[in-house]
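Positions are given from 1, in the same order as the sequence printed here.
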Amino acid sequence: MESTNNQAEKLTIIETTKVIDAKYSHLDGSTFVMLKMSNASFNDVDLTKLKIINANLSDLEIEGAQLGGAYIHNIGMPPEGHTAYDPAAKQRPLRFEDCDLNHSTINNCNLQGVAIADCNINGMTINGILIEDLLNGKI
């Protein structure tokens with residue numbers, strides 16, 4: 001899609017069912033609101049500053065991604081007062097494997113039942129306590 005005045009042509013799709021096959025395209029500034037995109041696939045894409053709000057990302061798989069500077073927050077089941085709130089619903093567990101999370105922070109999160117195995121914990125602290133010291137009986 002090319003424009004003579006350096007502005008992108010705007011394509012509007014409303015209340016329809018379509019399969020979009022986009023390749024070698026610039027879709028910068030695009031917006032997607034109230035869509036069903038189950039089984040969609042993104043491969044070799046630049047999604048810098050992508051924002052996902054109020055989405056069901058169950059069974060999401062992210063592989064080989066650079067997430068430096070990512071801000072992931074308010075993740076879990078819909079809270080009380082939300083239209084999709086279900087007091088009986090339970091969050092399915094998340095799984096992180098082979099991730100470089102060095103110097104990351106985890107604040108105000110429910111880590112009940114979390115298992116950490118075969119990880120480099122050098123310098124890792126919980127509430128200011130060095131985990132190495134705790135495991136070595138120094139605390």
Side-chain angles (χ1 to χ4, degrees):
M1 163 174 11
E2 215 171 298
S3 177
T4 57
N5 62 3
N6 289 336
Q7 290 186 350
E9 174 186 344
K10 184 174 183 176
L11 172 66
T12 302
I13 302 171
I14 299 174
E15 293 184 28
T16 188
T17 301
K18 299 278 185 191
V19 173
I20 298 171
D21 187 6
K23 293 179 180 151
Y24 313 106
S25 300
H26 290 266
L27 302 174
D28 295 342
S30 296
T31 58
F32 301 92
V33 178
M34 294 186 70
L35 297 179
K36 180 177 177 351
M37 290 183 67
S38 296
N39 296 309
S41 177
F42 296 90
N43 186 353
D44 195 14
V45 296
D46 177 355
L47 298 174
T48 305
K49 296 188 179 181
L50 173 73
K51 187 179 273 190
I52 300 172
I53 303 167
N54 295 326
N56 180 350
L57 298 175
S58 298
D59 301 311
L60 168 71
E61 181 178 341
I62 300 173
E63 179 185 351
Q66 193 282 86
L67 293 174
Y71 178 38
I72 301 169
H73 53 112
N74 300 320
I75 303 300
M77 301 305 293
E80 191 171 350
H82 189 280
T83 56
Y85 173 72
D86 177 356
K90 297 290 180 202
Q91 172 73 31
R92 289 175 29 214
L94 304 175
R95 189 173 73 205
F96 294 87
E97 293 178 0
D98 301 317
C99 296
D100 184 347
L101 302 176
N102 76 79
H103 300 287
S104 297
T105 58
I106 300 172
N107 294 312
N108 196 30
C109 295
N110 181 349
L111 301 178
Q112 184 177 8
V114 169
I116 298 174
D118 301 322
C119 295
N120 179 347
I121 59 165
N122 291 331
M124 181 179 168
T125 63
I126 297 178
N127 293 336
I129 300 170
L130 269 173
I131 300 308
E132 291 172 289
D133 290 349
L134 187 63
L135 293 175
N136 291 329
K138 296 180 181 177
I139 296 178

Could you check if a side-chain atom of Ile116 sits within less than 4.5 angstrom of a side-chain atom of Ile131, using non-hydrogen atoms only?
no
Are Ile13 and Ile20 side-chain neighbours, meaning at least one heavy-atom pair lies under 4.5 Å?
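They are in side-chain contact.
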Qualifying side chain to side chain donor-acceptor pair (under 3.5 Å) pairs, either residue in residues 115-130, two or more places apart
Asn120-Asn122
Do any pairs count as a side chain to side chain donor-acceptor pair (under 3.5 Å) and have a residue in residues 59-79, sequence neighbours left out, and if so which ones?
Asp59-Arg92
Closest heavy-atom contact between [X] and [Y]?
X     : Y     : answer
Met37 : Phe42 : CE-CZ, 4.1 Å
Ala89 : Met77 : CB-CE, 3.4 Å
Ala55 : Ile52 : CB-CG2, 3.4 Å
Ser38 : Lys36 : OG-NZ, 3.0 Å
Leu27 : Ser30 : O-OG, 2.6 Å

Applying side-chain hydrogen bond (donor to acceptor under 3.5 Å, both in side chains), can you list everything that pairs with Asp46, at least two apart in sequence or on another chain?
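side-chain hydrogen bond (donor to acceptor under 3.5 Å, both in side chains) check on Asp46 returns Thr48.
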Distance from [X] atom [atom1] to [Y] atom [atom2], nearest 0.5 Å?
X      : Y      : atom1 : atom2 : answer
Ile62  : Leu57  : CD1   : CG    : 8.0 Å
Met124 : Leu101 : CE    : CG    : 10.0 Å
Ile106 : Asn110 : CD1   : CG    : 12.0 Å

